[in-house]
Student: 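Got a structure here, written out as structure tokens. Questions coming.
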Amino acid sequence: MAREFQRGHKAKISDLTAGTDLYVGVQIAAPGLTFDISCFGLDANEQLSDDRYFIFFNQPKSPEESIQLLGAQSGDTESFRVTLDRIPAAIQKLSFTATLDGAGQMSQIGPGYIRIVAGGEEVVRYSFTGSEFTTERAVMLGDFYLKDVWRFAAVGQGFDGGLDALLKNFGGEVAEEEAPPAPAAAAPGFAPPAQATAPPAFGAPAAPSAPQAPQPAPSFGAPSAPTPPPAPQQPVHTAPTIAAPLAPQAPQAPVPPQAPQAPSPYGQPQQPQFGQVPGQAAPPAAPFGQQAPAPYGQPAPAPYGQQPPGSMPPGAPQGVPQGVPVTGAGLEAALRPYKETATGQRWTPQNQQLMRVDLTMGGAGVLARQGSMVMYQGKVDFGYKSAGFVGRAVGNATGQEMQLMRCTGRGQVFLAEEGSHLHPIELQGDGICVSAENVLAFDESLQYEVRRVEGHGIPGGALFTMLFQGTGTVVVKTHGTPVVLPVTPTTFADCNAVVAWSAASQVIVSSQVRLRRNAYPGHSGETVNLQFRGAPGNFIVVQPYEV
């Protein structure tokens with residue numbers, strides 16, 4: 001099933017399809033208006049440095065035929081064939097545009113779209129209408145852009161001016177007197193849908209089905225053929241994405257400045273002689289003659305009445321009669337393991353329960369639960385974010401309306417809530433459903449909506465989840481370290497334990513399994529299970545906790 005994109009959504013091509021030989025169809029129309037639909041091949045500076053990669057009615061293909069103009073077919077006003085693995089390295093972006101030929105405005109157009117078809121099957125569609133525009137005469141519909149790998153972005157950005165203005169915007173020159181390089185062909189080297197024979201492996205969306213493929217592409221198959229294993233098995237959010245950050249490790253003993261003899265490896269102290277003087281390696285020992293716990297379970301007796309240097313954590317008072325070591329002591333050493341961690345990223349876990357967000361990066365603000373701020377530094381403004389009608393509906397049904405605050409400005413904000421484990425999940429054009437109770441904070445650039453899963457026996461009558469889509473980060477909180485499981489036909493989860501799941505998963509309330517519990521007086525003694533269904537690559541996240 002094709003993924004529906006909205007303006008601003010982005011995704012890797014490999015997440016949409018395993019193929020690189022793609023069909024791009026554009027549908028745009030308005031009564032009495034004529035449109036020119038083109039493709040601009042741009043360099044790393046988003047300029048048309050080579051006009052041979054301006055594909056339009058007078059230049060229907062690029063030199064190596066990696067981009068071809070196919071004409072109207074299969075219900076599309078215009079269509080293209082794009083072979084990504086043949087595009088030269090100098091071309092970093094393909095911008096598909098529509099401009100008015102003559103008088104008119106983009107606000108007059110009816111419902112339209114730009115779509116990508118792979119192997120005869122539509123994989124993604126971005127729909128638009130004239131209500132999204134006003135006086136614009138040109139609009140950039142969608143982009144293929146190279147950022148490590150090829151990606152697709154739904155743009156939907158319009159501006160005044162026709163094809164000439166659009167060409168100048170990309171650094172091209174208008175030369176109307178120049179003769180066209182070649183007459184426009186109906187479909188160079190490509191079979192239209194009405195043809196009796198089967199199309200190449202690339203396949204137009206409405207082409208008649210046929211078993212043979214005259215031009216098979218190794219990385220692209222027929223719609224019914226299973227996609228190669230690497231592509232579908234690459235969900236954006238896998239177990240490492242949701243895994244809890246590592247807890248701060250136990251501080252290691254500093255190396256005292258001593259003698260030519262090197263200190264023994266950590267946890268394996270050398271055995272000194274009784275009455276050993278300071279400056280030599282000594283086994284760990286508790287203050288004033290108390291038997292110290294052996295490192296990693298290894299017994300190591302300490303000299304009576306002495307506290308060897310290096311046996312305490314960094315910065316801890318030594319308290320030895322022989323004197324304090326020169327390094328490894330003091331308040332600074334004691335606090336060093338808990339210093340702020342700055343990685344240069346917008347979201348940085350400080351430990352399992354504390355998250356740092358740098359508002360100076362990313363531009364957009366952050367929405368977080370009210371009361372989750374534990375500290376901030378810099379010039380930060382906190383404002384009330386109304387939950388709106390949807391938020392009030394959630395509050396009325398569950399009695400726990402999600403109150404949000406908006407954090408903006410230039411500075412760093414530290415967030416936490418009741419010692420919950422925090423997990424930042426970065427979205428890049430995809431989506432994820434998170435239980436409303438498990439959302440701590442998220443980038444304001446993300447699009448979100450509340451969904452309701454109804455079922456008899458669910459506390460409050462329904463389970464409320466938040467669907468996040470777009471590009472940004474959402475911070476999920478859990479009780480303990482969660483586990484990520486693939487969705488299979490027999491995947492069930494307790495409604496109190498499930499934290500999140502892939503947006504494409506189908507959730508069904510199951511009444512087949514009911515377990516009796518006597519957790520506390522007045523409990524109903526029954527629990528509700530949710531069944532998850534979905535294609536391979538879907539997942540659920542479950543925490544080791546329930547009411």
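All of these numbers come straight from a predicted model, not from anything done at the bench.
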Student: Quick one: are the ring centres of Phe54 and Phe170 less than 6.0 Å apart?
Tutor: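 Judged by ring-centre distance (under 6.0 Å), Phe54 and Phe170 do not meet the cut-off.
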Student: As a test of understanding, state which of Gln447, Gln469, Glu4 forms a side chain to side chain donor-acceptor pair (under 3.5 Å) with His9.
Tutor: Gln447
Student: Which pair of heavy atoms, one from Leu354 and one from Ala416, lies closest together, and at what distance?
Tutor: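 Nearest pair, atom of Leu354 first, then Ala416: CD1-CB, 4.0 Å.
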Student: Indicate the atoms forming the closest heavy-atom contact of Trp347 with Val366, along with that distance.
Tutor: CH2-CG1, 3.7 Å
Student: Compare every heavy atom of Glu64 with every heavy atom of Pro88, then report the nearest pair and how far apart it is.
Tutor: CD-OE2, 3.6 Å
Student: Phe144: which residues meet the ring-ring contact (aromatic ring centres under 6.0 Å, His included) condition with it, sequence neighbours left out?
Tutor: Phe96, Phe152
Student: Using a strict cut-off of less than 4.0 Å between a Lys/Arg side-chain nitrogen and an Asp/Glu carboxylate oxygen, indicate whether Arg346 and Asp358 qualify as a salt bridge.
Tutor: no
Student: Taking atom types as modelled, is there a side-chain donor on Gln350 or Thr348 under 3.5 Å from an acceptor on the other?
Tutor: no
Student: Would you say the ring centroid of Tyr126 lies under 6.0 angstrom from that of Tyr113?
Tutor: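 They do not qualify: ring centres at least 6.0 Å apart.
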Student: Quick test of your reading of the model: are Glu132 and Arg7 salt-bridged, counting only N-O distances below 4.0 Å?
Tutor: yes
Student: Quick check: does any side chain N or O of Glu136 sit under 3.5 Å from a backbone N or O of Thr134, one acting as donor and the other as acceptor?
Tutor: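 Confirmed, Glu136 side chain pairs with Thr134 backbone.
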Student: Would the distance check show the side chain of Asp43 and the main-chain N or O of Asn45 forming a donor-acceptor pair, the cut-off being under 3.5 Å?
Tutor: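 At least one qualifying donor-acceptor pair exists.
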Student: Please confirm whether Tyr53 and Phe40 have ring centers closer than 6.0 angstrom.
Tutor: no
Student: Is a donor from one side chain sitting under 3.5 angstrom from an acceptor on the other, for Ser79 and Gln73?
Tutor: yes
Student: For the pair Asn351 (side chain) and Gln353 (backbone), establish whether a donor and an acceptor sit closer than 3.5 Å, ignoring hydrogens and angles.
Tutor: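 Confirmed, Asn351 side chain pairs with Gln353 backbone.
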Student: For Asn438 and Lys477, indicate whether the former's side chain and the latter's backbone hold a donor-acceptor pair under 3.5 Å.
Tutor: yes
Student: Centroid-to-centroid, Phe539 to Trp501, below 6.0 Å?
Tutor: no
Student: According to side chain to side chain donor-acceptor pair (under 3.5 Å), who are the partners of Thr129, at least two apart in sequence or on a separate chain?
Tutor: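 Only Ser131 meet the side chain to side chain donor-acceptor pair (under 3.5 Å) criterion with Thr129.
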Student: Identify the heavy atoms of Ser95 and Leu42 that sit nearest to each other, and give their distance.
Tutor: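 So the two residues come closest at CB-CD1, 4.4 Å.
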Student: Has the side chain of Thr77 got a donor or acceptor atom that lies under 3.5 Å from a matching backbone atom of Ile28?
Tutor: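 Indeed, once roles are kept as given, a pair shorter than 3.5 Å links the two residues.
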Student: Taking atom types as modelled, is there a side-chain donor on Ser502 or Asn538 under 3.5 Å from an acceptor on the other?
Tutor: yes
Student: Using a strict threshold of under 4.0 Å (side-chain N to carboxylate O), is an ion pair present between Arg115 and Glu122?
Tutor: yes
Student: Looking at every heavy atom in both Thr478 and His423, which two are closest together, and how far apart are they?
Tutor: OG1-NE2, 2.9 Å
Student: Atom CG of Asp101 and atom CD1 of Ile37: how far apart are they, to the nearest 0.5 Å?
Tutor: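 So the gap between those two atoms works out to 11.5 Å.
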